Amino acid sequence: MQTERDKSVIQSKSISNDDLELIKLISEKIRIACNIASGELQLHEPSFEGNEWKYVKDCLDSGWVSSVGKYVDAFEAKLCEITGSKRAIAVSNGTSALHIALRLAGVLPGEEVLVPSITFVATANAISYVQAIPHFVDSSVSNLGVCPLKLKAWLKCSTKVEGDSLINTATGRRISALIVVHVLGHSADLDAIQEVCEEFHLKMIEDAAEALGTFYKGRHVGNDGILSCLSFNGNKTVTTGGGGAILTNDETIGDLAKHITTTAKIPHSWNFFHDQLGFNYRMPNINAALGLAQLEKLPEFLSRKRKLAEAYEKVFSNIEGVQFFKAPVYSNSNHWLNALLLKEGILEALLDCTYQQQIFARPLWTPMHKLPMYVNCPKQKLDNAEWLFKTLLLFPAAQN
Ligand SMILES: *Cc1c(COP(=O)(O)O)cnc(C)c1O
C-alpha cells in the first residue's frame, strides 16, 4: 500500500514534462505487451489448470495430507528430473532450505558469509540463523548476480589466506562461504564465480529460489553449489502454496538434509529417537500434491513467460531513456519477473503512475546493507547495487 508519506515524496519531486510523457508511455507499453487493456495487472499470478484439483483431492480423500504420503517422493523425483540434480529435498519454504544449506555446508557461528546486497531478505536472514555474519558484495549490472570481477578485486585487497581459511583482515573473522543468487530468474555467471571461490577457499551455495527452469550454459542452475535452494512460494514460477527445496549432487549431504529437515528421527515403528538436532521443515504431502501438478505444467509456464519477455523487449526496443533487461547470453532464463532499466530520477514517479493504473510494478528489494539489522555488516563498495535499486523497475510477468 502506498502511504501518505510516499505520495508527498512523489509530489515534491519535480518531474519534467518530457519525463511525464515517458512515464505515461511506459505504462501504456506494459499493457500493450501484456495484451490487457484495463484492470489489475499483478506482478505474478499463479495458475492452476492441470492436475492440481485431482492430486489435492486425492490427498483429502485418502487422508494423507501431512507428513506421510506419496506426493512428496513424486515431487522430489520430478524436481530431480527437471534440474538434473541427484537429490532434491522438499521443505517448508525457500528460507528453511537456505538455513539448512548453510548448516550442511558447515558454516559456523561467528564466520562471515559473502552474499549480494541485492537479494530478497531471506538470503541474509538465513546467514543470521546459523549465527554467521552477512558480508555484502556488489552485483553485476549485466546479469544482476554477484559480479565475479568486483568480488575478486575485493577479496584480494581485504582478505588473507591462512592455510585453508580465508580471513577478513578488517574483522579477523573467517569468511567461509558465498551465496550466489540468481536474481529474477537470470543466472549469475557461475563459471567465473566458481573460479573465484576455488582461489579463495570459499564454499559456494546457490540461492535459485527464483530460477526454476533457468539454465546456465546448458546446465540447470542449482547444480554448481555444494547445496542450492528453490522456493515454491505463491509468487514464484511454480507454487506449492508455500514450500521450498534443497538441491545437492552429494548423496551423503542429501541423506543428511532429508534427515535433519524431518526432525532427525531414526525410522522405527514405535520408538521416537532423534540422533541430533533436527528441524520440522518437511513439506506436507498436500503441498507436494499441488506442486507436482504445477511441475507438470512448467514447460508451458516457461514458454508463456519467455513469450511475454519477447513482447516486452519488442515494445521497449525504441524508447529512449529505458532499456528492457535482457537475459545474459549464457543464460536461458525463466523470466520469472521482467525488468526495465530506467533513466535516473523517474522511478518513484513511474511507480506512482503505474500504481494508480493498477499496474503493480515495484522497485528491486531495498539492498540488504540499508536494512536496520544489517547496516553494520562488512561490505564492499556497492555502487552497482545502489544504482540498480534506483533505476530498475520490476513489472508484471502476468499470469503463468
Ligand atoms: C522467494 C525467495 C527466497 C525465499 O523463499 P520463501 O519460500 O519465500 O521462504 C529466498 N531467496 C530469494 C532470492 C527469493 O526470491
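Atom set for the values below is all heavy atoms of this structure, side chains included, hydrogens, waters and symmetry mates excluded. Predicted, not measured: the structure shown is a model, and the values here were computed from it.
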(request) Nearest 0.5 Å please: distance from the CG atom of Leu178 over to the CD1 atom of Ile205. (result) 8.5 Å
(message) Looking only at the side chains, is there a donor atom on one of His259 and Asp275 sitting less than 3.5 Å from an acceptor on the other?
(response) yes
(request) Answer yes when Lys152 and Glu199 have at least one side-chain N-carboxylate O distance shorter than 4.0 Å, and no when they do not. (result) yes
(request) Begin with the C-alpha distance, continue with both residues' side-chain angles, and end with the deciding distance and a verdict on ring pair (Phe, Tyr, Trp, His ring centres under 6.0 Å) for Phe360 and Phe395. (result) CA-CA 7 Å; Phe360 298 117; Phe395 53 84; over 10 Å; no
(message) Less than 4.0 angstrom from a charged side-chain N to a carboxylate O is my criterion; do Glu313 and Lys326 meet it?
(response) yes
(message) Ignoring hydrogens, what is the shortest heavy-atom contact between Ile118 and Pro367? Give both atom names and the distance.
(response) CD1-CG, 4.1 Å
(request) Grab the two heavy atoms, one from Leu212 and one from Asn334, that are nearest each other, plus how far apart they are. (result) O-ND2, 2.9 Å
(request) Answer yes if Leu155 and Ile179 sit in the same cluster of Ile, Leu, Val, Met, Phe, Trp and Tyr residues linked by side chain heavy atoms under 4.5 Å apart, and no otherwise. (result) no
(message) Within this structure, what is the CD1-OH distance for the pair Ile246 and Tyr281, rounded to the nearest 0.5 Å?
(response) 10.0 Å
(message) Minimum heavy-atom separation for Gly345 and Ile15, please, with both atom names.
(response) O-CD1, 3.7 Å
(request) Go through Leu394 and Arg362 one step at a time and tell me if the side chain to side chain contact (heavy atoms under 4.5 Å, CB included) criterion holds. (result) CA-CA 5 Å; Leu394 312 190; Arg362 65 168 179 84; 3.3 Å; yes
(request) Starting at CD of Glu386, measure out to CG of Asn384 and round the result to the nearest 0.5 Å. (result) 10.0 Å
(message) Tell me whether the rings of His335 and Phe324 are parallel (<30°), tilted (30 to 60°) or perpendicular (>60°).
(response) parallel
(message) Tell me whether Asp224 is salt-bridged to Arg219, with the criterion being a basic N under 4.0 Å from an acidic carboxylate O.
(response) yes
(message) When you compare the side chain of Met373 with that of Met368, does any pair of heavy atoms fall below 4.5 Å?
(response) no
(message) Can you see whether Arg174 engages Ser165 through a side-chain donor-acceptor pair at a distance of less than 3.5 angstrom?
(response) yes
(message) Which label fits His274 and Phe272: parallel for a plane angle under 30°, tilted from 30 to 60°, or perpendicular past 60°?
(response) tilted
(message) Tell me whether Glu310 is salt-bridged to Arg306, with the criterion being a basic N under 4.0 Å from an acidic carboxylate O.
(response) no
(request) Could you check whether the rings of His220 and Phe215 sit parallel, tilted or perpendicular, using 30° and 60° as the cut-offs? (result) perpendicular
(message) Just verifying a value: how many Å separate Thr261 OG1 and Phe279 CZ, rounded to the nearest 0.5 Å?
(response) 10.0 Å
(message) Give me the atom names and distance for the closest heavy-atom approach of Cys147 to Ser140.
(response) CB-N, 3.8 Å
(message) Whether Glu28 and Arg31 form a salt bridge (side-chain N of Lys/Arg under 4.0 Å from carboxylate O of Asp/Glu) is what I want to check.
(response) no
(request) Flag the pair Glu52 and Lys297 as a salt bridge only when some basic side-chain nitrogen lies within less than 4.0 angstrom of an acidic carboxylate oxygen. (result) no
(request) List the steps, then state whether ring pair (Phe, Tyr, Trp, His ring centres under 6.0 Å) holds for Tyr374 with His369. (result) CA-CA 5 Å; Tyr374 295 129; His369 68 285; over 10 Å; no
(message) So that I can tick it off, tell me whether Asp138 and Lys379 are bridged by a salt bridge, with the cut-off set at under 4.0 angstrom between side-chain N and carboxylate O.
(response) no
(message) How close do Ala126 and Leu98 get, counting heavy atoms only, and between which atoms?
(response) CB-CB, 3.6 Å
(message) Working note: Phe325 + His186, criterion ring pair (Phe, Tyr, Trp, His ring centres under 6.0 Å); need CA distance, chi angles, decisive distance, verdict.
(response) CA-CA 10 Å; Phe325 193 91; His186 298 302; 5.3 Å; yes
(message) Between Phe232 and Phe75 (judged by ring centroids, cut-off 6.0 Å), do the two rings come close enough to count as a pair?
(response) yes
(request) Quickly, which of Arg87, Lys70, Lys258 forms a salt bridge (Lys or Arg N to Asp or Glu O under 4.0 Å) with Glu76? Name it, please. (result) Lys258
(message) So which atom in His182 and which in Ala188 form the shortest heavy-atom distance, rounded to 0.1 Å?
(response) ND1-N, 3.0 Å
(message) Does Asp189 form a side-chain hydrogen bond (donor to acceptor under 3.5 Å, both in side chains) with Tyr216? I'd like the steps, not just the answer.
(response) CA-CA 8 Å; Asp189 190 356; Tyr216 173 80; 2.7 Å; yes
(message) With rounding to the nearest 0.5 angstrom, report the OG1 to CG distance, Thr159 to Leu166.
(response) 4.0 Å
